[in-house]
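I have placed the structure first, in the form of structure tokens, so that the comments after it can refer back to it.
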Amino acid sequence: PPAPLQLSFRRETTDSARGRTSAKKHFSGKRGAKSEPLMMRPEATAVAMSPCGNFAFIGSSDGTIHSYNLQSGRHQGAFVRDAEKRNALLHPSEENTAWGCAHEGPVSGLASDACGDVLASSGSGDSMLLFWNMTSREPTSAIVAPAGITMIAWSRSSDLVAASCE
């Protein structure tokens with residue numbers, strides 16, 4: 001099972017001609033403390049931001065979805081479909097280090113509603129469109145598509161979600 005995704009960032013500060021200071025954060029993700037072979041590392045397959053711009057959501061080729069605070073760079077948690085694994089995340093032990101997955105197969109799309117309360121995610125392997133409570137990171141509803149979902153879009157003005165299938 002994959003280790004938690006850890007983001008590290010470096011801050012570059014420069015003084016402009018007006019005496020202002022600007023900072024840029026450069027994020028680079030790596031899994032776990034030990035380096036894994038390149039073929040074993042999950043790749044980011046979908047990204048989304050919260051409407052307020054404070055949080056980023058990253059979906060991976062291994063079916064995981066992680067939330068990050070963009071101001072601090074800290075990992076906020078994982079979206080886990082299995083209640084048993086979600087409970088194990090809240091009460092970690094040496095026996096259970098698995099994150100659990102949001103989808104069976106790669107995450108193909110992520111989108112949030114206009115209020116920032118709901119995250120939609122799609123999976124190409126399980127053909128599911130899942131809706132998540134952003135606070136609890138628990139699934140609230142699901143739609144099974146007739147084929148694998150390749151991408152999704154959420155219209156924030158009309159609150160409609162569109163999905164493209166294979």
Side-chain angles (χ1 to χ4, degrees), residues 1-13 22-36 40-126 128-143 149 151-156 159 161:
L5 182 66
Q6 298 173 347
L7 285 182
S8 60
F9 64 92
R10 69 178 196 270
R11 187 176 291 235
E12 294 180 1
T13 309
S22 64
K24 296 179 182 178
K25 293 180 183 177
H26 299 272
F27 291 92
S28 62
K30 64 179 183 177
R31 288 206 174 261
K34 298 177 183 175
S35 64
E36 300 176 35
M40 299 298 290
R41 291 185 183 162
E43 296 176 345
T45 54
V47 295
M49 287 182 62
S50 64
C52 64
N54 289 335
F55 300 98
F57 308 99
I58 302 174
S60 298
S61 59
D62 63 356
T64 58
I65 300 172
H66 294 273
S67 173
Y68 296 91
N69 183 313
L70 291 176
Q71 294 174 344
S72 67
R74 296 190 64 195
H75 182 257
Q76 297 297 308
F79 291 78
V80 180
R81 187 167 42 173
D82 185 1
E84 196 172 298
K85 288 191 179 182
R86 187 167 45 266
N87 189 40
L89 287 175
L90 297 174
H91 309 287
S93 67
E94 290 181 16
E95 298 170 0
N96 188 348
T97 57
W99 275 102
C101 293
H103 289 278
E104 296 172 16
V107 177
S108 57
L110 292 170
S112 67
D113 71 337
C115 297
D117 297 329
V118 180
L119 179 73
S121 68
S122 61
S124 59
D126 58 9
M128 294 193 69
L129 178 61
L130 296 172
F131 296 90
W132 303 85
N133 178 312
M134 281 204 206
T135 306
S136 66
R137 292 184 291 282
E138 294 179 2
T140 57
S141 60
I143 298 172
I149 301 171
M151 68 176 68
I152 60 172
W154 195 323
S155 172
R156 292 183 177 165
D159 212 25
V161 177

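Here the shortest heavy-atom pairing between L129 and V161 reads CD2-CG1, 4.1 Å. In this structure, A48 and A111 approach most closely via the heavy-atom pair CB-N, 4.2 Å. Considering every non-hydrogen atom in both W132 and A102, the closest pair reads CZ2-CB, 3.5 Å. Nearest heavy atom pair, residue P42 against residue S61, reads CA-OG, 3.3 Å. When every heavy atom of G73 is checked against every heavy atom of Y68, the shortest pair comes out as O-CD2, 4.3 Å. Residues I152 and I149 approach most closely at CG2-CG2, 3.9 Å, considering heavy atoms.
The structure places OG of S124 at 9.5 Å from NE2 of H103, a figure rounded to the nearest 0.5 Å. Remark: S67 OG to H75 NE2 distance equals 7.5 Å, nearest 0.5 Å. The distance from the CG atom of N133 to the CG atom of D117 is 7.5 Å, given to the nearest 0.5 Å. Here the CG-CE distance, from L119 to M134, works out to 5.0 Å after rounding to the nearest 0.5 Å.
Under a 3.5 Å cut-off, the side chain of D126 and the backbone N or O of E104 do form a donor-acceptor pair. Although no hydrogens or angles enter the test, the distance criterion places a donor-acceptor pair under 3.5 Å between the side chain of T140 and the main chain of F131. Side-chain atoms of S50 come within 3.5 Å of backbone N or O of F55 as a donor-acceptor pair. A donor-acceptor distance shorter than 3.5 angstrom exists from the side chain of T45 to the backbone of V107, with no hydrogens or angles considered.
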(request) Go through the steps to decide whether T64 and F79 satisfy the test side chain to side chain contact (heavy atoms under 4.5 Å, CB included), and finish with yes or no. (result) CA-CA 7 Å; T64 58; F79 291 78; over 6 Å; no
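Residues R156 and S112 form a side-chain contact, since some pair of their non-hydrogen atoms from C-beta on lies under 4.5 Å apart.
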